[in-house]
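Quick notes on the structure that follows.
What you are looking at is a predicted structure, and each value in this text was computed from that prediction instead of being measured. Both backbone and side-chain heavy atoms feed into the values below; hydrogens, waters and symmetry mates do not. Ligands are counted one by one from 1 in listed order, and the atoms in each one are counted from 1 as well.
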Amino acid sequence: MKLILLGAPGAGKGTQAEFICDKLSIPSISTGNILREAVKNGTEAGKAAKSYMDAGALVPDEVVIAILKDRIAADDCKNGFILDGFPRTVPQAEALDQMGVSIDAAIEIDVPDAVIETRLGGRRVCEKCGASYHIVNKAPAVEGICDKCGGKLIVRKDDQPETIKDRLRVYHEQTAPLADYYRKAGKLHTVDGTQEIGAITAQILKILEA
Ligand code: ADP
Ligand code: ZN
């Protein structure tokens with residue numbers, strides 16, 4: 001199963017990817033997590049990406065495409081994968097097609113901008129393992145501490161209020177057109193991302209069974 005999750009930043013792609021990859025026993029691939037890891041480790045890709053990420057802009061296509069291509073060549077991707085946060089531009093989607101990757105479904109998690117703004121403002125991430133929390137919707141057992149690894153929870157630089165607006169603008173300009181791209185390919189399914197987390201997962205799994 002090769003699956004793409006589409007949706008605005010904060011639509012819940014990461015949360016759904018975690019649940020679904022568990023269910024289907026395939027890896028979930030977040031280009032955002034890979035990039036943050038690269039920044040932390042100071043790799044060439046990380047150096048190229050950092051300023052864009054901090055500003056809430058997209059990292060250049062060639063950088064992200066190379067990272068993704070590498071990742072899906074790994075052994076654990078043989079039976080499929082879930083892409084969370086890739087593609088984010090039409091050229092990235094075209095690159096995926098050119099790699100010969102045939103997608104089973106593109107699931108768009110639809111959430112209005114106003115809801116996104118409050119969600120991202122409350123988001124906290126583990127500085128150690130990257131796990132994602134929300135102060136209201138998905139609070140950790142102990143405030144400020146990661147349930148999974150005990151790491152410290154922080155506000156991502158790109159979750160600052162001014163940067164959130166920029167990311168939403170970038171999303172509408174560059175990523176939202178992908179819905180049309182996959183609709184034309186007959187692959188698009190849209191789910192209401194304001195539902196309860198479990199209801200969204202159930203709906204996605206049902207789409208995949210069909
Ligand atoms: P979110 O979905 O919450 O916006 P991600 O963790 O997916 O965040 O991505 C964080 C940042 O990493 C993005 O704002 C962007 O700068 C960069 N990034 C991640 N994936 C891509 C991509 N496919 N193309 C370009 N930039 C990307
Ligand atoms: Zn952690």
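Nearest to atom 12 (O) of ligand 1 among the protein's heavy atoms is M53 CE, 3.4 Å. From the protein, the heavy atom lying nearest to atom 10 (C) of ligand 1 is R36 NH1, 3.5 Å.
Taking any N or O of S30, backbone or side chain, none lies under 3.5 Å from an N or O belonging to ligand 1. For the pair D84 and ligand 1, the shortest N or O to N or O distance does not fall below 3.5 Å. At least one N or O atom of G85 sits closer than 3.5 Å to an N or O atom of ligand 1. Considering both main-chain and side-chain atoms, V59 comes within under 3.5 Å of ligand 1 through a nitrogen or oxygen pair.
In this structure, A57 has a heavy atom closer than 4.0 Å to ligand 1.
Less than 4.0 angstrom separates some heavy atom of T31 from each of these atoms of ligand 1: 19 (C), 20 (N), 21 (C), 23 (N). Proximity to Q92 (heavy-atom distance under 4.0 Å) selects the following atoms of ligand 1: 22 (C), 23 (N), 24 (N), 25 (C). Residue R123 has at least one heavy-atom neighbour below 4.0 Å for each of these atoms of ligand 1: 3 (O). Listed by number with element, the atoms of ligand 1 under 4.0 angstrom from any heavy atom of L35 are 12 (O), 17 (C), 18 (N), 19 (C), 27 (C). Close approach of ligand 1 to K13 is summarised as follows: ligand atoms under 4.0 Å from at least one heavy atom of the residue are 2 (O).
Heavy atoms of V64 found under 4.0 angstrom from ligand 1 belong exclusively to the side chain. For R156, every heavy-atom contact with ligand 1 shorter than 4.0 Å involves the side chain, none the backbone.
Test Q195, H189, Q16 against Q203 for side-chain hydrogen bond (donor to acceptor under 3.5 Å, both in side chains) and you get one pass: Q195. Checked against V125 for a side-chain contact (heavy atoms from CB on, under 4.5 Å), the options N33, I154, L153 give a single hit: I154.
The angle that C129 SG and C126 SG make at the Zn ion (ligand 2), rounded to 10°, works out to 110°.
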Test log, rule side chain to side chain donor-acceptor pair (under 3.5 Å), inputs Q174 and T89: CA-CA 5 Å; Q174 303 198 53; T89 65; 5.8 Å; no
Y133 and D147: CA distance, side-chain angles, deciding distance, side chain to side chain contact (heavy atoms under 4.5 Å, CB included) verdict: CA-CA 10 Å; Y133 298 87; D147 290 345; 3.6 Å; yes
K165/E117 under side chain to side chain contact (heavy atoms under 4.5 Å, CB included): CA gap, chis, key distance, verdict: CA-CA 8 Å; K165 294 249 187 238; E117 288 183 36; 3.1 Å; yes
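Looking only at distances, no side-chain donor or acceptor of K47 sits under 3.5 Å from a matching main-chain atom of A38.
Of the options R167, R88, R119, the smallest heavy-atom separation from atom 2 (O) of ligand 1 is shown by R88.
The distance from the CG atom of L58 to the OG1 atom of T31 is 9.5 Å, given to the nearest 0.5 Å. To the nearest 0.5 Å, the span separating NZ on K152 from SG on C146 amounts to 13.5 Å. For the atom pair CD1 of I197 and NZ of K138, the computed distance is 6.5 Å after rounding to the nearest 0.5 Å.
Using a 4.0 Å cut-off between charged nitrogen and carboxylate oxygen, K206 and E209 do not count as a salt-bridge pair.
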